[in-house]
Undergrad: 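Structure incoming, see below.
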Number of protein chains: 4
Amino acid sequence: MALEKLGTEIRREQIVEAALSLIAAQGVRRLSVAALARRVGLVPSALYRHFKSKQEILDAAVQLVQRRGLDNLKEVCASTPNALERLKLLLMRVIKMIRELQAMPRIVFSEGVSADHPERKRQAYVILTGFLSAIEGIMREGQERGEVRTDLDAKTLAVMFWGMLPPVVILWHMSDGAFDVTRQAERSWELFSEAIRAR
Amino acid sequence: MALEKLGTEIRREQIVEAALSLIAAQGVRRLSVAALARRVGLVPSALYRHFKSKQEILDAAVQLVQRRGLDNLKEVCASTPNALERLKLLLMRVIKMIRELQAMPRIVFSEGVSADHPERKRQAYVILTGFLSAIEGIMREGQERGEVRTDLDAKTLAVMFWGMLPPVVILWHMSDGAFDVTRQAERSWELFSEAIRAR
Amino acid sequence: MALEKLGTEIRREQIVEAALSLIAAQGVRRLSVAALARRVGLVPSALYRHFKSKQEILDAAVQLVQRRGLDNLKEVCASTPNALERLKLLLMRVIKMIRELQAMPRIVFSEGVSADHPERKRQAYVILTGFLSAIEGIMREGQERGEVRTDLDAKTLAVMFWGMLPPVVILWHMSDGAFDVTRQAERSWELFSEAIRAR
Amino acid sequence: MALEKLGTEIRREQIVEAALSLIAAQGVRRLSVAALARRVGLVPSALYRHFKSKQEILDAAVQLVQRRGLDNLKEVCASTPNALERLKLLLMRVIKMIRELQAMPRIVFSEGVSADHPERKRQAYVILTGFLSAIEGIMREGQERGEVRTDLDAKTLAVMFWGMLPPVVILWHMSDGAFDVTRQAERSWELFSEAIRAR
DNA sequence: TATGAATGAGGCTTCATTCAT
DNA sequence: GATGAATGAAGCCTCATTCAT
């Protein structure tokens with residue numbers, strides 16, 4: 001019994017991983033139940049033993065990305081107390097996670113996740129605001145430590161920091177590697193960090 | 001039922017407008033020929049009198065957005081010679097055009113447009129780089145006039161300016177208006193303009 | 001594109017000719033009203049001024065072939081009184097008319113002509129039996145003149161003579177010229193004429 | 001509605017049989033996926049579990065007819081060594097198989113099968129020449145045994161024998177049974193066999 | 001747990017035909 | 001007599017999902 005249940009747990013992970021991988025590679029539209037099943041070595045109908053619907057798989061995928069993102073954040077916070085260093089580290093990690101993160105906008109902008117059920121859209125928004133809150137926390141600490149300007153409120157700064165991520169992801173997506181994303185991110189960071197650093 | 005018969009030029013415009021509107025509202029995937037036809041008050045097959053295929057409609061939509069974007073840019077450039085003023089104006093116009101612009105990322109991230117034919121992906125990239133070139137021009141002029149810092153190259157500055165747009169669009173999309181996009185854009189602009197202004 | 005308005009009689013002929021030509025070249029299925037209209041330099045809807053429907057055009061085409069066939073027959077009969085010579089001449093003419101005749105089986109075997117309306121099928125059958133009757137007449141005369149065996153009835157002989165045509169047409173159609181149809185027809189004729197010649 | 005679930009092998013056969021039957025009855029053009037599905041008691045999309053496309057079904061149908069034809073030939077050859085007896089048997093079997101054989105010319109003349117892809121036309125030609133070769137073999141054996149005239153080459157004789165089939169099929173098709181096909185075939189055979197028999 | 005057949009909704013497209021101009 | 005827009009029926013196919021085994 002316990003073994004069976006574990007089996008399901010493992011399958012769920014397998015499936016969600018496969019989903020993220022397929023989405024990153026080919027987009028949500030190409031993520032057919034059939035393709036997904038093929039990827040995990042099952043038959044389409046078998047997926048329905050582990051998930052109620054395709055939508056549920058997408059939800060799980062979104063949550064996985066969220067979890068990874070938060071883990072990432074915690075690790076970064078643990079590695080240094082300095083706000084600017086934390087933020088830079090975070091930004092650079094995005095470059096590495098970009099494949100996975102790419103699934104994120106694709107899901108968000110993809111219909112079938114967001115369009116029909118306002119519920120799902122709200123959920124994505126919740127995730128975003130959660131992320132923003134975390135950044136806001138870092139900003140606030142940075143302000144308290146005197147590392148960050150205090151004439152701009154932490155919330156706004158958080159949004160502006162986050163705002164560096166979408167362009168990076170989009171450029172990476174569109175350019176197929178032709179654009180030097182790392183370099184661009186570093187330049188952006190220079191400008192941004194210089195602008196928010198306390199004087 | 002019986003609707004007026006309109007010239008094909010008018011119909012084409014109507015259809016493309018409707019397509020953009022539907023994409024902005026529900027995404028590319030939901031843009032079915034049926035929905036599109038319903039929107040313009042025709043029967044699905046009637047669209048094929050004016051376009052050879054659905055893909056051709058999407059192409060036309062992309063081109064329309066591109067054209068609008070460039071027109072916008074020209075108008076802005078015509079209204080003032082000052083680089084920072086031009087850029088601010090441009091940014092603020094985006095807020096107004098947001099409905100239409102929203103169709104843009106959806107098209108870009110949609111696999112129906114880009115995934116199958118790498119050709120289309122490349123096309124979108126060409127459009128983006130065209131836009132970036134224009135901004136770069138503004139930046140360079142600004143540097144020559146002494147309005148913009150010269151220790152950062154115009155190209156990088158252009159990308160950074162463009163980088164303010166995606167977050168704005170995404171926030172607007174995700175928050176359903178809960179987020180005060182205008183205010184956020186203004187704050188972003190303050191920070192950005194301050195950072196790039198020549199001292 | 002300044003289109004002359006032509007009398008309906010001329011137009012009807014034009015259209016039917018075009019139909020036969022298109023059918024011979026590409027088959028009935030490809031004979032769309034649009035293609036037909038293009039061929040005669042009109043717009044599809046214009047055809048409906050001259051014919052009530054596509055079906056009517058096909059009917060007219062069938063009748064035209066019939067008429068041509070009968071004309072052919074008359075000419076052949078006029079050229080010589082000898083039965084065997086008449087038949088040989090007729091057979092050889094088929095080789096020349098093959099393009100046009102090819103439209104015949106295509107129409108007969110094509111659905112939309114025969115399948116739905118038993119009426120049309122019957123009509124084709126009437127044409128065939130008309131042709132057979134004519135041949136039967138030739139045979140009978142030949143028998144009376146002592147040129148043809150009399151131990152086989154004229155009707156059967158007629159059918160057998162006609163039976164040489166379909167293979168010729170089919171081979172021509174299928175082989176795209178690889179098969180030496182003329183040679184084959186001559187051999188067939190030798191065997192057949194020898195077999196029916198009075199001794 | 002809920003019909004039994006059958007193994008895919010059985011279904012494939014069922015479907016192909018149904019296809020042949022529908023083609024014989026109404027022609028290729030009328031062979032819609034919907035009609036086919038209805039005939040086998042399934043929903044249209046269900047067919048796509050067993051065949052990749054409609055074209056694949058047609059291909060299978062062609063192959064089935066071919067296989068049946070060859071089986072027929074083998075059986076006939078096994079039943080007697082005498083060339084003329086073999087040929088007569090073969091001819092008479094055609095009368096029985098006529099329903100199925102009727103699908104054959106319809107497929108051959110149908111543009112849906114042959115016109116678009118010259119490949120298919122060629123394939124049909126290959127089948128025909130294969131059949132002709134087999135007949136040629138019988139003729140040659142007959143000549144060696146002294147049963148068949150040797151002043152006509154086997155190849156030509158084969159084509160002439162095959163040439164008796166199309167008229168039979170056509171007459172049966174057109175006359176809806178009004179024509180006594182069996183009798184006609186017998187007469188044709190008498191004449192033909194008499195003409196080729198060695199003296 | 002996994003399979004494989006079957007379903008039903010929906011998607012794009014073609015085409016003969018009608019109708020106002 | 002001719003045009004061009006619009007229609008409606010029909011056609012092929014995809015896909016998420018269900019269900020019996």
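These numbers come from the heavy atoms of this one structure, side chains and all, not from hydrogens, waters or symmetry mates. What you are looking at is a predicted structure, and each value in this text was computed from that prediction instead of being measured.
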Undergrad: Got a salt bridge between C:E17 and C:R68, using NZ or NE/NH1/NH2 to carboxylate O under 4.0 Å?
TA: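 Salt bridge between C:E17 and C:R68, a charged N being under 4.0 Å from a carboxylate O: yes.
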
Undergrad: Hey, could you give me the OH/CZ distance between C:Y125 and C:R122, rounded to the nearest 0.5 Å?
TA: 11.0 Å

Undergrad: In whole Å, what is the span from the CD atom of D:Q14 to the C1' atom of E:dA5?
TA: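 Rounding to the nearest Å, CD of D:Q14 and C1' of E:dA5 are 13 Å apart.
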
Undergrad: What's the closest nucleotide to the D:L42 side chain, out of F:dA2, E:dT7, F:dC12?
TA: E:dT7

Undergrad: Rounded to whole angstrom units, what separation is found between the CZ atom of D:R38 and the P atom of E:dG8?
TA: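 Going from D:R38 (CZ) to E:dG8 (P), I get 14 Å.
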
Undergrad: Looking at every strand, decide which applies to B:L31 at a 4.0 Å heavy-atom threshold: base, sugar-phosphate, or nothing.
TA: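 Here B:L31 touches the backbone only, sparing every base.
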
Undergrad: Which value, rounded to the nearest 0.5 Å, describes the distance between D:I23 atom CD1 and D:L31 atom CG?
TA: 5.0 Å

Undergrad: Please confirm whether the shortest side-chain N or O distance from D:R29 to OP1 or OP2 of F:dG11 is below 4.0 Å.
TA: no

Undergrad: Which value, rounded to the nearest 0.5 Å, describes the distance between B:Q123 atom CD and B:D59 atom CG?
TA: 6.0 Å

Undergrad: If you find the nucleotide of DNA chain E closest to D:L47 and the one closest to A:L47, which residue's nucleotide is nearer the 5' end?
TA: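 The residue closer to the strand's 5' end, by nearest nucleotide, is A:L47.
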
Undergrad: Which sits closer to the 5' end of DNA chain F, B:A46 or D:S53, going by the nucleotide each is nearest to?
TA: B:A46

Undergrad: Select from C:V33 and D:S45 the residue whose nearest nucleotide in DNA chain E is closer to the 5' end of that strand.
TA: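 So the residue in question is D:S45.
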
Undergrad: Dot-bracket, 5' to 3', for DNA chain E please: Watson-Crick or G-U pairs under 3.5 Å, [ ] where pairs cross earlier ones, | where the partner sits on another strand, dots elsewhere.
TA: .||||||||||||||||||||

Undergrad: Nearest whole angstrom, please: distance from the P of E:dA16 to the CG of C:L58.
TA: 10 Å

Undergrad: Under 4.0 Å between a side-chain N/O of B:R30 and OP1 or OP2 of E:dG11, yes or no?
TA: no

Undergrad: Quick check on E:dA2: is either OP1 or OP2 less than 4.0 Å from any side-chain nitrogen or oxygen of A:H50?
TA: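 A:H50 to E:dA2 OP1/OP2: side-chain N or O found under 4.0 Å.
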
Undergrad: Out of curiosity, B:R11 CZ to B:Q14 CD, how far, rounded to the nearest 0.5 Å?
TA: 4.5 Å

Undergrad: How long is the line joining CZ of C:F51 and C1' of F:dG1, in whole Å?
TA: 15 Å

Undergrad: What is the distance, rounded to the nearest whole Å, between atom CD of C:E56 and atom P of E:dT17?
TA: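 So the two atoms are 10 Å apart, to the nearest Å.
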
Undergrad: Ignoring hydrogens and geometry, is there a side-chain-to-backbone donor-acceptor pair from A:R12 to A:H50 under 3.5 Å?
TA: yes

Undergrad: When you measure only distances, ignoring hydrogens and angles, does the side chain of B:S32 come within 3.5 Å of the base of E:dG11 through a donor and an acceptor?
TA: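 No.
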
Undergrad: Given that A:K54 and D:A34 both sit by DNA chain F, which one's nearest nucleotide is further toward the 5' end?
TA: D:A34

Undergrad: Taking all non-hydrogen atoms of both residues into account, name the closest pair between A:I57 and A:L47 and its distance.
TA: CD1-CD1, 4.4 Å

Undergrad: Please state whether the phosphate of F:dA2, meaning OP1 or OP2, lies under 4.0 angstrom from any side-chain nitrogen or oxygen of C:R49.
TA: no

Undergrad: Roughly how many Å is it from OH in B:Y48 to P in E:dC15, rounded to a whole number?
TA: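 Taking OH of B:Y48 and P of E:dC15, I get 13 Å after rounding.
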
Undergrad: Starting at CD1 of C:I57 and ending at P of E:dC15, how long is that distance when rounded to a whole Å?
TA: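 My rounded result for the distance is 15 Å.
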
Undergrad: Just how far is it from atom CZ of C:R49 to atom CD1 of C:I15, taken to the nearest 0.5 Å?
TA: 12.0 Å

Undergrad: Measure NZ/A:K52 against P/F:dT17 and give the value in whole Å, please.
TA: 10 Å

